[in-house]
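All ligand and atom numbering here is 1-based and tracks the order in the structure. Residue numbers run from 1 in the order of the sequence given. Worth knowing before you read on, the calculation uses all heavy atoms, side chains too, and leaves out hydrogens, waters and symmetry mates.
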Amino acid sequence: MKTTPTIRVIGAIRGSICLVAAFLMMLDSGCRNDKPSVGPADPEPGIPLSLATQRAQAIEGLKYELSFSIPADPAQPVSAHAVIRFATKDITRPVVLDFSPGADYLKSVTVGGKPSHYRLVKDHIIIPKEEIASEDNAIEITFRAGDASLNRNPDFMYTLFVPARAHLAFPCFDQPNLKARYALELDVPGGWQAVANGAETFHETAGDRVRIRYSETQPIPTYLFAFAAGKFQVESAERNGRWYRMFHRETDAKKVERNKKAVFDLHASSLEWLEKYTGIPYRFGKFDFVLIPSFQFGGMEHPGSIFYNAASILLDESATENQMLNRASTIAHETSHMWFGDLVTMQWFNDVWMKEVFANFMAAKIVNPAFPNVNHDLRFLVSYYPPAYAVDRTAGTHPIRQELANLDEAGSLYGNIIYDKAPIVMRQLERILGPDKLQDGLRAYLKQFQFGNATWLDLIAILDDRTDLDLKAWSHGWVEEAGRPSIRTVLESDRVGFIQSDPQEGRSLRWTQHIDVLIGRNHTVTSVPLDIKGERAEVKIPAGISKPDWILPTGGGLAYGDFTLDDATRSFLLHQLPDLKDPLTRGAAWVTLWEEMLDRRVGPSDFIELAIRALPREDTEQNVQLTLSYVSDMFWTVLSELQRHDIAPQLEQILRAGLDRAGSSTMKSTYFSAFRSTVTTTDGIAFLERVWRRQEKIPGLTLAEPDEAGMALDLAVRSVPAAAAILQEQRTRFMNPDRKARFEFVIPALSDQQETRDAWFDSLKDVKNRRREPWVLEGLQYLHHPLRAASSEKYIRPSLDLLIEIQRTGDIFFPTRWMNATLGDHNTRSAATVVREFLSQQKNYPIRLRRIILQAADELFRTAG
Ligand SMILES: [Zn+2]
């Protein structure tokens with residue numbers, strides 16, 4: 001699975017979970033117990049660890065035979081049938097299946113052909129132990145599938161069962177360590193395409209319906225079982241003897257044509273690379289992928305049928321270099337999961353980070369050779385360090401490896417610590433072990449546990465055999481504990497000391513890391529390797545350097561922590577950062593100075609003045625993007641209104657000069673995005689309006705439909721006189737109906753009428769209006785736009801009050817994104833007080849949601865004081 005870094009896509013409309021009278025009438029009572037009851041010994045709701053552990057020890061030889069009949073109308077019920085076959089080592093207990101839609105959705109349950117005296121409790125069907133044998137159990141269930149994880153739209157649907165949402169649709173053992181074979185049959189409307197994990201083995205058209213059967217899968221967990229059906233177009237291609245198919249709904253044929261060769265190539269090269277690295281061939285048969293509009297993630301690694309967010313795969317002509325790299329990385333990431341996650345799966349979702357870190361780690365190795373012009377060390381730094389720090393510096397941070405008592409909380413494990421800090425830690429592991437030993441260990445691990453499950457500690461044990469280092473101690477600091485070291489540079493006569501401390505009170509943890517310290521003097525830079533272990537580490541200043549100009553422990557792009565530079569280095573960088581020759585050193589210096597600014601050791605105006613001086617001289621796109629992201633962030637949240645007003649003309653001039661000067665369309669795109677997000681002067685806004693009106697062209701930059709829609713919204717939120725007419729004309733420009741619907745959804749959020757904005761926000765309290773999460777987030781970003789911050793502060797408290805429900809009803813990244821969109825642009829003391837008061841009032845608030853709030857509020861707390 002991969003997160004979507006930016007959310008700017010067309011929407012999916014998910015079907016409502018309303019009951020349909022006709023379907024209710026066909027339900028007969030059978031032996032079903034209508035009233036769910038909860039006895040003292042009944043399992044808790046969700047998937048508790050205790051239940052999962054007990055089932056994993058007992059159940060064997062698990063197979064599902066599933067059929068779903070999908071009507072075209074998303075309001076009509078999906079009727080379904082399941083046969084669940086298994087053996088069990090424990091016939092002393094009832095068998096607990098997971099199924100959350102409830103009694104109204106169950107039509108009949110039989111065991112071994114006889115009606116079952118099952119009981120229904122919240123989220124579970126309990127089959128009496130008397131009906132269970134040790135061998136050859138077959139539980140047969142006729143039911144209506146729950147819609148909550150079926151993502152039903154008028155013309156298509158797709159399943160998304162990660163982390164434990166399969167039982168929202170069908171009865172199953174919804175846990176990662178009960179792998180099963182799945183035989184699937186789908187009945188779909190004529191004219192629809194359908195795709196699943198297995199290859200199609202049977203296809204029959206009868207009247208206006210199509211029946212399709214798929215070959216039985218390899219053993220896979222519920223969260224990887226998947227299918228999609230609908231009006232899709234299918235492209236296929238052969239690469240080195242293997243066929244790939246791409247399902248998509250893109251209406252722009254040129255766009256498909258422009259992208260498809262690269263997309264097939266990227267899959268094929270990733271797959272071949274992984275087969276070579278792991279020494280294990282791809283084990284899941286056919287290889288298809290589905291491009292879904294407004295997919296919740298960047299991608300999801302269902303074996304044989306990867307799902308992607310369409311916008312991250314089919315790129316616009318204006319795509320930045322970063323978007324192209326991200327696409328290659330996403331494809332390599334999901335393909336890596338075929339081994340890391342799919343072939344060997346975590347025992348429990350507390351180790352979900354493992355599959356993510358390996359997918360990222362492999363993706364970096366795969367993608368790098370395909371982009372020989374890119375500085376990959378710099379890319380690693382820019383991709384992972386800022387987002388890892390964004391969480392790890394906050395009071396809401398957490399260890400990479402977390403406790404997880406129930407899978408219904410699994411969603412809250414995902415975030416930057418898993419996606420961004422873990423890759424940094426994994427690179428350190430490779431540094432310590434050496435690439436060959438790591439590869440050797442991974443091969444042994446994949447071989448030993450293939451088609452099974454394993455924990456992080458299983459892997460550490462395998463790797464520990466291959467080194468003299470104490471890997472368990474290393475793993476404890478980086479993986480099992482939260483936070484980052486504070487490391488302070490101390491200049492001495494002939495040496496430099498680095499003093500490590502633990503910012504968390506009462507813990508005194510010491511982290512082990514291998515770093516490269518850079519020492520600069522008169523344009524000569526010396527790199528000195530250093531192992532940091534205990535409280536203090538030091539390097540001798542190399543002979544010939546009497547007095548260094550600067551010392552940068554982060555300069556080699558490896559060091560991780562909160563670094564306090566010495567005063568001379570800080571001052572040198574604030575004046576001469578653009579003089580540093582190596583782009584990686586410049587990138588590392590930017591990241592370090594940003595952290596120093598947040599810690600108030602560097603002044604915001606010094607930082608932005610440095611950026612304004614540096615941008616005209618910076619020609620490395622990664623650094624331009626990094627600098628512009630810092631500038632856009634601080635422009636609205638760190639600078640005061642007066643500082644903004646003073647700096648805006650100069651900043652806009654620099655951005656427009658960058659736009660003119662940029663040699664590539666990707667660089668132009670980067671500058672234009674930053675300009676769009678920060679423009680405030682009359683001249684600047686007039687320029688933006690001329691571009692939107694197509695009266696002025698930016699040579700070398702093609703603006704696609706989403707760009708124009710975004711510009712129209714940016715103009716409207718700035719309350720330009722023609723705002724209403726601009727929005728109206730934008731409506732007529734849309735060719736893509738999904739994008740138009742999203743645009744209509746967002747408009748009330750940026751209305752200049754307070755009552756309209758109030759009504760839009762109030763509508764979000766109804767879960768129906770939150771179904772299209774990317775739309776909601778885009779609306780929230782405009783609702784809380786800094787220009788509206790004073791009037792949007794009142795939405796903070798009700799948004800906090802909604803968070804528990806947001807987590808309960810939404811997809812896994814929604815709580816974090818909801819909070820980031822709500823708090824990201826606020827910087828006042830009163831806004832900070834709202835959050836602090838909420839946190840102090842909620843005594844028994846769920847810890848993971850508290851962390852999400854603390855993470856999202858970190859910059860607000862820092863700037864508001
Ligand atoms: Zn992933």
Side-chain angles (χ1 to χ4, degrees), residues 1-7 158-165 176 197 220-226 266-267 270-271 273-274 277-278 282 284 287 289-292 295-309 312-313 325-367 380 383-384 387-388 391 400-402 404 407 410-427 442 446 453-454 456 459 811-814 816-817:
M1 191 165 93
K2 198 162 196 293
T3 50
T4 333
T6 47
I7 308 151
Y158 59 95
T159 63
L160 187 58
F161 294 151
V162 70
R165 291 169 68 85
N197 303 101
I220 57 173
T222 43
Y223 83 91
L224 291 175
F225 170 64
L266 287 166
H267 279 97
S270 295
L271 198 72
W273 189 96
L274 282 150
Y277 183 89
T278 62
Y282 174 66
F284 296 101
F287 197 115
F289 49 96
V290 187
L291 310 188
I292 293 168
F295 189 59
Q296 289 89 333
F297 315 129
M300 181 63 213
E301 67 264 23
H302 311 115
S305 183
I306 298 174
F307 292 176
Y308 291 108
N309 186 348
S312 58
I313 300 298
L325 270 166
N326 281 339
R327 172 174 73 181
S329 300
T330 300
I331 290 171
H333 175 108
E334 301 308 335
T335 309
S336 300
H337 274 314
M338 300 301 128
W339 285 260
F340 299 96
D342 295 7
L343 186 62
V344 179
T345 306
M346 65 266 168
Q347 281 286 357
W348 189 239
F349 264 88
N350 66 327
D351 270 331
V352 67
W353 68 278
M354 241 176 117
K355 73 178 177 72
E356 297 311 326
V357 75
F358 279 119
N360 273 345
F361 184 73
M362 295 300 149
K365 287 180 178 289
I366 294 166
V367 167
F380 189 94
S383 305
Y384 295 127
V391 174
I400 290 176
R401 196 160 194 243
Q402 303 176 72
L404 180 65
L407 286 192
S412 57
L413 298 176
Y414 291 89
N416 297 14
I417 294 298
I418 284 181
Y419 281 101
D420 301 298
K421 182 182 179 183
I424 295 168
V425 170
M426 187 54 54
R427 189 174 62 162
L442 288 175
L446 289 170
N453 300 79
W456 169 247
L459 175 64
D811 280 303
I812 61 175
F813 295 115
F814 200 37
T816 295
R817 290 174 178 167

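Aromatic ring centroids of Tyr308 and His267 lie under 6.0 Å apart. Aromatic ring centres of Phe340 and Phe361 lie farther apart than the 6.0 Å criterion allows.
Between Tyr384 and Phe380, the ring planes are perpendicular. Angles over 60° get that label, and only those under 30° would be called parallel. The aromatic rings of Phe161 and Phe225 lie parallel to each other, with less than 30° between the two planes, well short of the 60° mark.
Closest N/O/S atom of Glu356 to the Zn ion (ligand 1): OE1.
Among the atoms of Glu334, no N, O or S atom falls under 2.8 Å of the Zn ion (ligand 1).
Rounding to 10 degrees, one finds that the Zn ion (ligand 1) sits at the corner of an angle of 90° between His333 NE2 and His337 NE2.
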